[in-house]
Amino acid sequence: EKRPFFLEGIEQFDTPNQLIYMRRIQEPLGGAKLSGKVGSLNLGFLSTLDAKQHSVSGDDNPFYNLLRIRSDLGENSTAGIGYTDKIDGDDYNRVASADARLVFAKLYFIEAQFSGAFTRTDGESRFGPLWEVTADRTGRHWGFHYTLRGIDPDFESQSGFVPRTGIVEPTFINRLTAYGKPGALLESFNTFIWLSGVWDYDEFFDLSAPLETTVRPSMTFTLRGNWRPSLTPSWHTVAFEPEFYADYYVETSSGGVIDTVPFVVPGRLNDIIAVSVGLQTPEFRRFAASASVELGKDVAFFEPASANPVKLNTTLTWRPTDQIRAEFRHQYARLNRERDGTRYSTANIPRLKLEYQLSRPIFVRLVGQYTSQERDALRDPRTDDAIVLRDPDTGEFRRADAQTANDFRIDLLFSFRPTPGTVLFLGYGTTLTESDAFSFDDLERVSDGFFLKASYLFRM
(Lines give C-alpha, C1' and ligand atoms only; values in the text may rest on other atoms or scores of the structure.)
Protein backbone atom coordinates (compact mmCIF):
# COMPACT_ATOMS: atom_id res chain seq x y z
CA GLU A 1 0.00 0.00 0.00
CA LYS A 2 1.68 3.20 -1.23
CA ARG A 3 -0.92 5.90 -0.55
CA PRO A 4 0.32 8.00 2.37
CA PHE A 5 -3.14 8.51 3.88
CA PHE A 6 -3.47 4.76 4.35
CA LEU A 7 0.19 4.10 5.14
CA GLU A 8 0.46 6.39 8.14
CA GLY A 9 -0.36 4.46 11.30
CA ILE A 10 -1.12 1.30 9.31
CA GLU A 11 0.50 -0.85 12.03
CA GLN A 12 -2.49 0.00 14.24
CA PHE A 13 -4.73 -1.96 11.84
CA ASP A 14 -2.69 -5.17 11.83
CA THR A 15 -4.80 -8.24 12.47
CA PRO A 16 -4.20 -11.98 11.94
CA ASN A 17 -5.39 -13.33 8.58
CA GLN A 18 -5.39 -9.80 7.12
CA LEU A 19 -9.04 -9.05 7.89
CA ILE A 20 -8.25 -5.38 7.24
CA TYR A 21 -6.76 -4.75 3.80
CA MET A 22 -6.56 -1.11 2.70
CA ARG A 23 -6.38 -1.87 -1.02
CA ARG A 24 -10.03 -2.92 -0.95
CA ILE A 25 -10.71 0.82 -0.95
CA GLN A 26 -9.88 1.57 -4.56
CA GLU A 27 -10.86 5.19 -5.33
CA PRO A 28 -11.82 6.93 -2.08
CA LEU A 29 -13.84 10.10 -2.45
CA GLY A 30 -13.17 11.10 1.14
CA GLY A 31 -12.51 9.64 4.53
CA ALA A 32 -11.46 10.11 8.13
CA LYS A 33 -8.92 8.20 10.16
CA LEU A 34 -7.97 8.04 13.82
CA SER A 35 -4.95 6.08 14.98
CA GLY A 36 -2.60 6.16 17.93
CA LYS A 37 -1.79 4.77 21.33
CA VAL A 38 -2.99 5.75 24.79
CA GLY A 39 -1.22 3.90 27.58
CA SER A 40 -1.42 0.20 26.74
CA LEU A 41 -4.28 0.67 24.25
CA ASN A 42 -3.64 0.81 20.48
CA LEU A 43 -6.48 2.18 18.34
CA GLY A 44 -7.07 2.37 14.61
CA PHE A 45 -10.31 3.57 13.00
CA LEU A 46 -10.96 4.39 9.34
CA SER A 47 -14.18 5.44 7.65
CA THR A 48 -14.27 6.19 3.94
CA LEU A 49 -16.53 6.40 0.89
CA ASP A 50 -15.48 4.70 -2.35
CA ALA A 51 -16.38 5.57 -5.95
CA LYS A 52 -19.64 4.26 -7.45
CA GLN A 53 -17.94 2.23 -10.18
CA HIS A 54 -16.67 -0.12 -7.48
CA SER A 55 -20.14 -1.01 -6.23
CA VAL A 56 -22.03 -4.09 -7.39
CA SER A 57 -24.80 -2.04 -9.00
CA GLY A 58 -22.65 0.87 -10.19
CA ASP A 59 -25.15 3.25 -8.60
CA ASP A 60 -24.09 3.16 -4.93
CA ASN A 61 -21.00 4.37 -3.11
CA PRO A 62 -19.45 1.54 -1.06
CA PHE A 63 -19.01 2.75 2.52
CA TYR A 64 -16.25 1.25 4.67
CA ASN A 65 -15.76 1.33 8.45
CA LEU A 66 -12.65 -0.36 9.81
CA LEU A 67 -11.93 -0.63 13.54
CA ARG A 68 -9.01 -2.27 15.32
CA ILE A 69 -8.37 -2.14 19.09
CA ARG A 70 -5.43 -3.94 20.64
CA SER A 71 -4.22 -3.88 24.24
CA ASP A 72 -0.73 -4.70 25.48
CA LEU A 73 -0.59 -7.39 28.13
CA GLY A 74 2.71 -7.14 29.92
CA GLU A 75 5.82 -6.63 27.82
CA ASN A 76 5.08 -8.74 24.74
CA SER A 77 1.57 -10.25 24.94
CA THR A 78 -1.50 -8.65 23.37
CA ALA A 79 -5.25 -9.08 23.07
CA GLY A 80 -7.43 -7.36 20.52
CA ILE A 81 -10.72 -7.07 18.70
CA GLY A 82 -11.53 -6.02 15.16
CA TYR A 83 -14.61 -4.97 13.25
CA THR A 84 -15.10 -4.20 9.57
CA ASP A 85 -18.24 -3.03 7.88
CA LYS A 86 -18.79 -2.59 4.15
CA ILE A 87 -22.19 -1.25 3.04
CA ASP A 88 -23.00 -1.39 -0.68
CA GLY A 89 -26.58 -0.24 -1.24
CA ASP A 90 -28.84 -2.79 0.48
CA ASP A 91 -26.00 -5.31 0.75
CA TYR A 92 -23.44 -5.47 3.51
CA ASN A 93 -20.51 -7.47 4.83
CA ARG A 94 -19.66 -7.28 8.55
CA VAL A 95 -16.78 -9.13 10.16
CA ALA A 96 -16.16 -9.24 13.93
CA SER A 97 -13.04 -10.84 15.37
CA ALA A 98 -11.14 -11.38 18.62
CA ASP A 99 -7.55 -12.47 18.98
CA ALA A 100 -4.86 -12.92 21.61
CA ARG A 101 -1.11 -13.48 21.55
CA LEU A 102 0.52 -14.81 24.73
CA VAL A 103 4.32 -14.84 24.99
CA PHE A 104 5.95 -16.96 27.71
CA ALA A 105 9.32 -18.45 28.68
CA LYS A 106 10.99 -15.93 26.34
CA LEU A 107 11.04 -18.36 23.38
CA TYR A 108 7.38 -19.35 23.01
CA PHE A 109 4.08 -17.79 22.04
CA ILE A 110 0.54 -19.01 21.44
CA GLU A 111 -1.84 -17.04 19.25
CA ALA A 112 -5.53 -17.59 18.60
CA GLN A 113 -8.16 -15.81 16.52
CA PHE A 114 -11.91 -16.33 16.19
CA SER A 115 -13.96 -14.40 13.62
CA GLY A 116 -17.46 -14.35 12.23
CA ALA A 117 -18.66 -12.86 8.94
CA PHE A 118 -22.25 -11.66 8.46
CA THR A 119 -23.08 -11.04 4.80
CA ARG A 120 -26.26 -10.02 3.00
CA THR A 121 -26.46 -10.19 -0.80
CA ASP A 122 -29.64 -9.69 -2.83
CA GLY A 123 -31.75 -9.99 0.32
CA GLU A 124 -30.19 -13.29 1.42
CA SER A 125 -28.12 -13.47 4.61
CA ARG A 126 -25.39 -15.93 5.55
CA PHE A 127 -22.87 -16.42 8.33
CA GLY A 128 -19.47 -18.10 8.32
CA PRO A 129 -16.71 -18.45 10.96
CA LEU A 130 -12.93 -18.28 10.69
CA TRP A 131 -10.67 -19.70 13.39
CA GLU A 132 -6.95 -20.14 13.83
CA VAL A 133 -4.59 -21.40 16.53
CA THR A 134 -0.79 -21.00 16.35
CA ALA A 135 2.09 -22.25 18.52
CA ASP A 136 5.63 -20.96 17.97
CA ARG A 137 9.12 -21.42 19.37
CA THR A 138 11.96 -19.09 18.36
CA GLY A 139 15.34 -20.37 19.51
CA ARG A 140 18.89 -19.93 18.35
CA HIS A 141 19.33 -23.45 16.94
CA TRP A 142 15.81 -24.82 16.78
CA GLY A 143 12.34 -23.43 16.38
CA PHE A 144 8.89 -24.34 15.14
CA HIS A 145 5.71 -22.69 13.91
CA TYR A 146 2.54 -24.80 13.94
CA THR A 147 -0.79 -23.43 12.72
CA LEU A 148 -4.28 -24.84 12.33
CA ARG A 149 -6.66 -22.59 10.36
CA GLY A 150 -10.27 -23.19 9.37
CA ILE A 151 -12.35 -20.97 7.06
CA ASP A 152 -16.03 -21.75 6.52
CA PRO A 153 -17.33 -21.64 2.90
CA ASP A 154 -19.67 -18.79 3.90
CA PHE A 155 -16.94 -16.68 5.47
CA GLU A 156 -16.40 -13.53 3.42
CA SER A 157 -14.19 -10.55 4.20
CA GLN A 158 -14.90 -7.77 1.69
CA SER A 159 -12.74 -5.35 3.70
CA GLY A 160 -9.89 -7.82 4.09
CA PHE A 161 -7.86 -10.23 2.00
CA VAL A 162 -8.78 -13.89 2.54
CA PRO A 163 -8.05 -15.49 -0.84
CA ARG A 164 -9.46 -18.97 -0.20
CA THR A 165 -12.41 -20.15 1.87
CA GLY A 166 -14.08 -23.49 2.58
CA ILE A 167 -10.86 -25.12 3.78
CA VAL A 168 -9.03 -26.36 6.86
CA GLU A 169 -5.29 -25.87 6.60
CA PRO A 170 -2.78 -27.28 9.10
CA THR A 171 0.83 -26.14 8.63
CA PHE A 172 3.91 -27.46 10.44
CA ILE A 173 7.23 -25.65 10.04
CA ASN A 174 10.39 -26.71 11.84
CA ARG A 175 13.60 -24.68 11.71
CA LEU A 176 17.13 -25.92 12.31
CA THR A 177 20.12 -23.54 12.37
CA ALA A 178 23.81 -24.38 12.61
CA TYR A 179 26.64 -21.87 12.94
CA GLY A 180 30.21 -22.10 11.66
CA LYS A 181 33.32 -20.77 13.34
CA PRO A 182 34.05 -17.03 13.03
CA GLY A 183 35.66 -16.35 9.66
CA ALA A 184 34.74 -19.78 8.26
CA LEU A 185 33.54 -20.18 4.68
CA LEU A 186 30.14 -21.34 5.95
CA GLU A 187 28.98 -18.88 8.59
CA SER A 188 25.54 -20.43 9.11
CA PHE A 189 23.13 -22.98 7.67
CA ASN A 190 19.40 -22.51 8.01
CA THR A 191 16.71 -24.98 6.97
CA PHE A 192 12.94 -24.72 7.21
CA ILE A 193 11.08 -28.03 6.84
CA TRP A 194 7.56 -27.17 5.71
CA LEU A 195 4.67 -29.66 5.81
CA SER A 196 1.14 -28.50 5.05
CA GLY A 197 -2.21 -29.86 3.96
CA VAL A 198 -5.51 -28.49 2.68
CA TRP A 199 -8.81 -30.19 3.50
CA ASP A 200 -12.32 -29.40 2.42
CA TYR A 201 -13.90 -27.63 5.41
CA ASP A 202 -16.84 -30.03 5.69
CA GLU A 203 -14.72 -33.15 5.14
CA PHE A 204 -11.87 -32.37 7.54
CA PHE A 205 -13.70 -33.65 10.60
CA ASP A 206 -14.59 -36.87 8.74
CA LEU A 207 -10.85 -37.68 8.57
CA SER A 208 -10.91 -37.89 4.77
CA ALA A 209 -7.84 -37.46 2.55
CA PRO A 210 -6.58 -33.89 2.02
CA LEU A 211 -7.16 -32.04 -1.22
CA GLU A 212 -3.54 -30.90 -1.25
CA THR A 213 -0.34 -31.84 0.55
CA THR A 214 3.00 -30.01 0.36
CA VAL A 215 6.44 -30.97 1.65
CA ARG A 216 9.10 -28.30 1.16
CA PRO A 217 12.53 -28.20 2.85
CA SER A 218 14.07 -24.76 2.28
CA MET A 219 17.83 -24.42 2.84
CA THR A 220 19.82 -21.18 3.03
CA PHE A 221 23.59 -20.97 3.35
CA THR A 222 25.28 -17.81 4.65
CA LEU A 223 28.85 -17.71 3.32
CA ARG A 224 31.78 -15.53 4.22
CA GLY A 225 31.06 -11.95 3.16
CA ASN A 226 27.27 -12.52 3.58
CA TRP A 227 26.66 -14.23 0.22
CA ARG A 228 23.49 -16.31 0.52
CA PRO A 229 22.79 -19.19 -1.88
CA SER A 230 19.56 -21.15 -1.30
CA LEU A 231 18.04 -24.44 -2.40
CA THR A 232 14.35 -25.38 -2.06
CA PRO A 233 13.02 -28.70 -3.39
CA SER A 234 9.29 -29.38 -3.05
CA TRP A 235 6.76 -32.17 -3.47
CA HIS A 236 3.08 -31.45 -3.98
CA THR A 237 -0.01 -33.59 -4.41
CA VAL A 238 -3.38 -32.25 -5.60
CA ALA A 239 -6.93 -33.56 -5.88
CA PHE A 240 -9.20 -31.36 -8.01
CA GLU A 241 -12.50 -30.29 -6.46
CA PRO A 242 -15.47 -31.30 -8.67
CA GLU A 243 -17.49 -28.27 -7.46
CA PHE A 244 -14.97 -25.89 -9.04
CA TYR A 245 -15.51 -27.50 -12.46
CA ALA A 246 -19.30 -27.86 -12.21
CA ASP A 247 -19.84 -25.52 -15.18
CA TYR A 248 -17.09 -27.03 -17.34
CA TYR A 249 -18.09 -28.83 -20.56
CA VAL A 250 -16.19 -30.15 -23.57
CA GLU A 251 -16.95 -29.39 -27.20
CA THR A 252 -16.59 -32.58 -29.27
CA SER A 253 -16.93 -33.28 -32.98
CA SER A 254 -17.90 -36.61 -34.54
CA GLY A 255 -18.88 -37.12 -38.16
CA GLY A 256 -19.19 -33.38 -38.67
CA VAL A 257 -21.58 -33.05 -35.73
CA ILE A 258 -20.53 -30.79 -32.85
CA ASP A 259 -21.77 -31.74 -29.41
CA THR A 260 -21.23 -30.49 -25.84
CA VAL A 261 -20.60 -33.11 -23.16
CA PRO A 262 -19.87 -32.79 -19.42
CA PHE A 263 -16.26 -32.33 -18.38
CA VAL A 264 -14.61 -35.27 -16.61
CA VAL A 265 -12.52 -34.04 -13.68
CA PRO A 266 -9.07 -35.69 -13.71
CA GLY A 267 -7.85 -37.74 -10.78
CA ARG A 268 -5.28 -36.77 -8.17
CA LEU A 269 -1.80 -35.70 -9.25
CA ASN A 270 0.88 -37.13 -6.96
CA ASP A 271 4.12 -36.28 -8.76
CA ILE A 272 4.33 -32.48 -8.62
CA ILE A 273 8.04 -32.12 -7.88
CA ALA A 274 9.98 -28.88 -8.36
CA VAL A 275 13.19 -27.23 -7.22
CA SER A 276 14.11 -23.58 -6.71
CA VAL A 277 17.68 -22.24 -6.62
CA GLY A 278 18.53 -18.71 -5.53
CA LEU A 279 21.40 -16.37 -4.73
CA GLN A 280 21.48 -13.12 -2.74
CA THR A 281 24.50 -10.82 -2.76
CA PRO A 282 25.77 -8.88 0.24
CA GLU A 283 24.47 -5.35 0.82
CA PHE A 284 27.27 -3.43 -0.83
CA ARG A 285 27.44 0.33 -0.32
CA ARG A 286 26.05 1.08 -3.79
CA PHE A 287 24.65 -2.22 -4.98
CA ALA A 288 22.69 -5.34 -4.01
CA ALA A 289 20.99 -8.07 -6.01
CA SER A 290 19.13 -11.36 -5.74
CA ALA A 291 17.87 -13.94 -8.22
CA SER A 292 16.04 -17.26 -8.16
CA VAL A 293 14.84 -19.81 -10.69
CA GLU A 294 12.30 -22.61 -10.29
CA LEU A 295 11.97 -25.66 -12.55
CA GLY A 296 10.12 -28.97 -12.40
CA LYS A 297 6.37 -29.52 -12.28
CA ASP A 298 3.41 -27.36 -11.33
CA VAL A 299 -0.38 -27.44 -11.67
CA ALA A 300 -2.50 -25.55 -14.19
CA PHE A 301 -5.70 -25.49 -12.12
CA PHE A 302 -7.97 -23.93 -14.73
CA GLU A 303 -7.39 -26.72 -17.26
CA PRO A 304 -6.75 -28.80 -14.93
CA ALA A 305 -3.50 -30.66 -15.61
CA SER A 306 0.17 -30.84 -14.72
CA ALA A 307 2.54 -28.33 -16.30
CA ASN A 308 6.26 -27.60 -16.51
CA PRO A 309 7.13 -24.20 -15.05
CA VAL A 310 9.95 -21.77 -15.62
CA LYS A 311 9.86 -19.10 -12.91
CA LEU A 312 12.45 -16.33 -12.64
CA ASN A 313 12.62 -13.63 -9.98
CA THR A 314 15.32 -10.97 -9.93
CA THR A 315 15.90 -7.85 -7.85
CA LEU A 316 18.56 -5.22 -8.43
CA THR A 317 19.14 -2.25 -6.11
CA TRP A 318 21.48 0.58 -7.11
CA ARG A 319 22.40 3.60 -4.99
CA PRO A 320 24.65 5.79 -7.17
CA THR A 321 24.62 8.57 -4.54
CA ASP A 322 23.33 8.98 -1.01
CA GLN A 323 20.31 10.84 -2.43
CA ILE A 324 19.30 8.53 -5.30
CA ARG A 325 18.02 4.97 -5.05
CA ALA A 326 16.85 2.77 -7.92
CA GLU A 327 15.26 -0.65 -7.56
CA PHE A 328 14.40 -2.97 -10.44
CA ARG A 329 12.34 -6.11 -9.96
CA HIS A 330 11.39 -8.63 -12.60
CA GLN A 331 9.01 -11.56 -12.22
CA TYR A 332 8.62 -14.05 -15.05
CA ALA A 333 6.55 -17.23 -14.99
CA ARG A 334 5.78 -19.59 -17.85
CA LEU A 335 3.77 -22.81 -17.73
CA ASN A 336 3.97 -25.35 -20.54
CA ARG A 337 1.58 -28.28 -20.75
CA GLU A 338 3.43 -31.41 -19.73
CA ARG A 339 1.49 -33.63 -22.15
CA ASP A 340 2.57 -31.86 -25.36
CA GLY A 341 4.91 -29.01 -24.42
CA THR A 342 2.59 -26.25 -25.67
CA ARG A 343 2.45 -23.02 -23.74
CA TYR A 344 -0.40 -22.72 -21.23
CA SER A 345 0.31 -19.31 -19.66
CA THR A 346 2.91 -16.57 -19.34
CA ALA A 347 3.28 -13.72 -16.86
CA ASN A 348 5.95 -11.06 -17.34
CA ILE A 349 6.11 -8.25 -14.76
CA PRO A 350 9.03 -5.77 -14.70
CA ARG A 351 8.91 -3.00 -12.09
CA LEU A 352 11.16 0.04 -11.64
CA LYS A 353 11.17 2.33 -8.59
CA LEU A 354 13.20 5.55 -8.52
CA GLU A 355 13.61 7.61 -5.33
CA TYR A 356 15.31 10.97 -5.03
CA GLN A 357 15.90 12.79 -1.74
CA LEU A 358 16.31 16.24 -3.25
CA SER A 359 16.94 17.80 0.17
CA ARG A 360 16.16 16.91 3.76
CA PRO A 361 12.47 17.92 3.50
CA ILE A 362 11.81 17.14 -0.21
CA PHE A 363 11.41 13.59 -1.52
CA VAL A 364 10.25 12.34 -4.95
CA ARG A 365 9.33 8.79 -5.95
CA LEU A 366 8.44 7.39 -9.38
CA VAL A 367 7.16 3.81 -9.83
CA GLY A 368 6.51 2.16 -13.17
CA GLN A 369 5.22 -1.39 -13.57
CA TYR A 370 4.27 -3.32 -16.68
CA THR A 371 2.07 -6.41 -16.28
CA SER A 372 1.79 -8.70 -19.28
CA GLN A 373 -0.27 -11.87 -18.86
CA GLU A 374 -1.35 -14.47 -21.42
CA ARG A 375 -3.30 -17.69 -21.07
CA ASP A 376 -4.05 -20.10 -23.88
CA ALA A 377 -7.56 -21.32 -24.67
CA LEU A 378 -8.49 -24.09 -22.22
CA ARG A 379 -8.40 -27.66 -23.52
CA ASP A 380 -9.55 -30.97 -22.07
CA PRO A 381 -6.38 -32.67 -20.76
CA ARG A 382 -7.75 -36.09 -21.86
CA THR A 383 -8.84 -35.32 -25.44
CA ASP A 384 -7.43 -31.82 -26.19
CA ASP A 385 -10.93 -30.73 -27.24
CA ALA A 386 -12.01 -27.18 -26.42
CA ILE A 387 -13.41 -26.50 -22.96
CA VAL A 388 -16.63 -24.49 -22.87
CA LEU A 389 -18.12 -22.77 -19.83
CA ARG A 390 -21.80 -22.80 -18.98
CA ASP A 391 -23.34 -19.67 -17.47
CA PRO A 392 -25.32 -20.98 -14.45
CA ASP A 393 -27.82 -18.10 -14.70
CA THR A 394 -28.63 -18.20 -18.43
CA GLY A 395 -27.55 -21.72 -19.40
CA GLU A 396 -25.56 -20.33 -22.32
CA PHE A 397 -22.23 -21.82 -23.35
CA ARG A 398 -19.08 -19.97 -24.36
CA ARG A 399 -15.63 -21.18 -25.21
CA ALA A 400 -12.86 -20.62 -22.68
CA ASP A 401 -10.83 -18.69 -25.23
CA ALA A 402 -7.32 -17.32 -24.84
CA GLN A 403 -6.90 -14.27 -22.62
CA THR A 404 -4.37 -11.45 -22.84
CA ALA A 405 -3.80 -8.39 -20.65
CA ASN A 406 -1.03 -5.79 -21.08
CA ASP A 407 -1.22 -3.01 -18.48
CA PHE A 408 1.25 -0.24 -17.74
CA ARG A 409 1.00 1.58 -14.42
CA ILE A 410 2.84 4.79 -13.44
CA ASP A 411 2.73 6.38 -9.96
CA LEU A 412 4.41 9.64 -8.96
CA LEU A 413 4.68 10.97 -5.39
CA PHE A 414 6.04 14.29 -4.13
CA SER A 415 6.62 14.68 -0.38
CA PHE A 416 7.46 17.83 1.55
CA ARG A 417 8.25 17.54 5.30
CA PRO A 418 9.63 20.87 6.52
CA THR A 419 9.31 19.91 10.20
CA PRO A 420 8.27 16.74 12.08
CA GLY A 421 4.48 16.43 12.01
CA THR A 422 4.03 18.87 9.11
CA VAL A 423 3.76 17.21 5.71
CA LEU A 424 2.43 17.74 2.19
CA PHE A 425 1.91 14.82 -0.19
CA LEU A 426 1.06 15.22 -3.87
CA GLY A 427 0.46 12.08 -5.90
CA TYR A 428 -0.59 11.07 -9.40
CA GLY A 429 -1.22 7.64 -10.87
CA THR A 430 -2.32 6.41 -14.26
CA THR A 431 -3.06 3.01 -15.80
CA LEU A 432 -2.71 2.36 -19.52
CA THR A 433 -3.32 -0.73 -21.64
CA GLU A 434 -2.33 -1.96 -25.08
CA SER A 435 -2.97 -4.94 -27.33
CA ASP A 436 0.65 -6.00 -27.99
CA ALA A 437 2.98 -6.54 -25.06
CA PHE A 438 5.78 -4.00 -24.62
CA SER A 439 5.11 -2.29 -27.95
CA PHE A 440 4.19 1.11 -26.39
CA ASP A 441 2.68 2.29 -29.69
CA ASP A 442 -1.07 2.00 -29.01
CA LEU A 443 -1.34 2.68 -25.28
CA GLU A 444 -4.82 3.70 -24.15
CA ARG A 445 -5.45 5.40 -20.84
CA VAL A 446 -7.75 3.42 -18.55
CA SER A 447 -7.79 5.53 -15.39
CA ASP A 448 -6.14 8.51 -13.71
CA GLY A 449 -5.96 9.42 -10.06
CA PHE A 450 -4.70 12.41 -8.10
CA PHE A 451 -3.88 12.51 -4.41
CA LEU A 452 -3.35 15.38 -1.98
CA LYS A 453 -2.66 15.22 1.73
CA ALA A 454 -1.63 18.06 4.05
CA SER A 455 -1.12 17.92 7.80
CA TYR A 456 0.20 20.35 10.36
CA LEU A 457 1.26 19.63 13.92
CA PHE A 458 0.16 22.30 16.37
CA ARG A 459 2.46 22.74 19.35
CA MET A 460 0.82 24.18 22.45
Exercise. Salt bridge (Lys or Arg N to Asp or Glu O under 4.0 Å) with Asp376: which of Arg334, Arg343, Arg337?
Worked result: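 Result: among Arg334, Arg343, Arg337, Arg337 is the only option passing the salt bridge (Lys or Arg N to Asp or Glu O under 4.0 Å) with Asp376.
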Once you measure the plane-to-plane angle for [X] and [Y], does it fall in the parallel (<30°), tilted (30-60°) or perpendicular (>60°) bin?
X	Y	answer
Phe414	Phe416	parallel
Tyr201	Trp131	tilted
Tyr108	Phe104	parallel
Phe301	Phe240	perpendicular

For this session: Using the side chain to side chain donor-acceptor pair (under 3.5 Å) rule, take Thr147 and Thr171 through it: C-alpha gap first, then chi angles, then the decisive distance, then the call.
Result: CA-CA 5 Å; Thr147 298; Thr171 302; 6.0 Å; no
Problem set entry | Test side-chain hydrogen bond (donor to acceptor under 3.5 Å, both in side chains) applied to His330 and Asn348, Thr315, Asn313, Thr314, the passing residue |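 In the set Asn348, Thr315, Asn313, Thr314, the residue that makes a side-chain hydrogen bond (donor to acceptor under 3.5 Å, both in side chains) with His330 is Asn348.
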Problem set entry | Under 3.5 Å side-chain donor-acceptor pair for Thr383 and Asp385 |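 Yes - a donor-acceptor pair under 3.5 Å links their side chains.
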Exercise. Do Ser47 and Asn65 have side-chain N/O donor and acceptor atoms under 3.5 Å apart?
Worked result: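 There is such a pair (donor and acceptor under 3.5 Å, judged by atom type) between the side chains of Ser47 and Asn65.
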For this session: Look at Glu251 together with Arg399 and state whether they make a salt bridge at an N to O cut-off of under 4.0 Å.
Result: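 Salt bridge present between Glu251 and Arg399.
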Exercise. Is the shortest distance from a Lys or Arg side-chain nitrogen in Asp91 or Arg120 to a carboxylate oxygen in the other one below 4.0 Å?
Worked result: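 A salt bridge is absent here (no side-chain N lies under 4.0 Å from a carboxylate O).
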Exercise. Does NZ or CZ of Arg68 come closer than 6.0 Å to the centre of the six-membered ring of Phe13, within 45° of the ring's axis?
Worked result: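 No, Arg68 does not lie over the aromatic ring of Phe13.
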For this session: Using the six-membered ring of Tyr92, assess whether NZ or CZ of Arg94 lies under 6.0 Å from its centre and within 45 degrees of the ring axis.
Result: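 Positive - Arg94 is close enough to the ring of Tyr92 and near enough to its axis.
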For this session: Over all heavy atoms of both residues, which pair between Trp199 and Pro170 is shortest? Give the atoms and the distance, please.
Result: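 The answer is CZ3-CG, 3.5 Å.
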Exercise. Phe172 and Phe144: ring pair (Phe, Tyr, Trp, His ring centres under 6.0 Å), yes or no, with the steps?
Worked result: CA-CA 8 Å; Phe172 304 94; Phe144 62 76; over 10 Å; no
For this session: For atom CH2 of Trp194, decide whether the heavy atoms of other residues, nucleotides or ligands shown that lie under 6.0 angstrom number more than 12.
Result: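 Not buried by this count: 12 neighbours or fewer within 6.0 Å.
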Problem set entry | Enclosure of Arg409 CZ (heavy-atom neighbours >12, cutoff 6.0 Å) |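 Buried by this count: over 12 neighbours within 6.0 Å.
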For this session: Verify whether the ring centers belonging to Phe451 and Phe425 lie closer than 6.0 Å.
Result: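 No, the ring centres sit 6.0 Å or more apart.
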For this session: Compute the centroid of each ring, for Tyr428 and then for Phe450, and state whether the two points are separated by less than 6.0 Å.
Result: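 Close enough - the centres of the two rings lie under 6.0 Å apart.
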Do [X] and [Y] make a side-chain contact, defined as non-hydrogen atoms from C-beta onward lying under 4.5 Å apart?
X	Y	answer
Phe408	Thr431	no
Ser157	Tyr21	no
Pro210	Val198	no

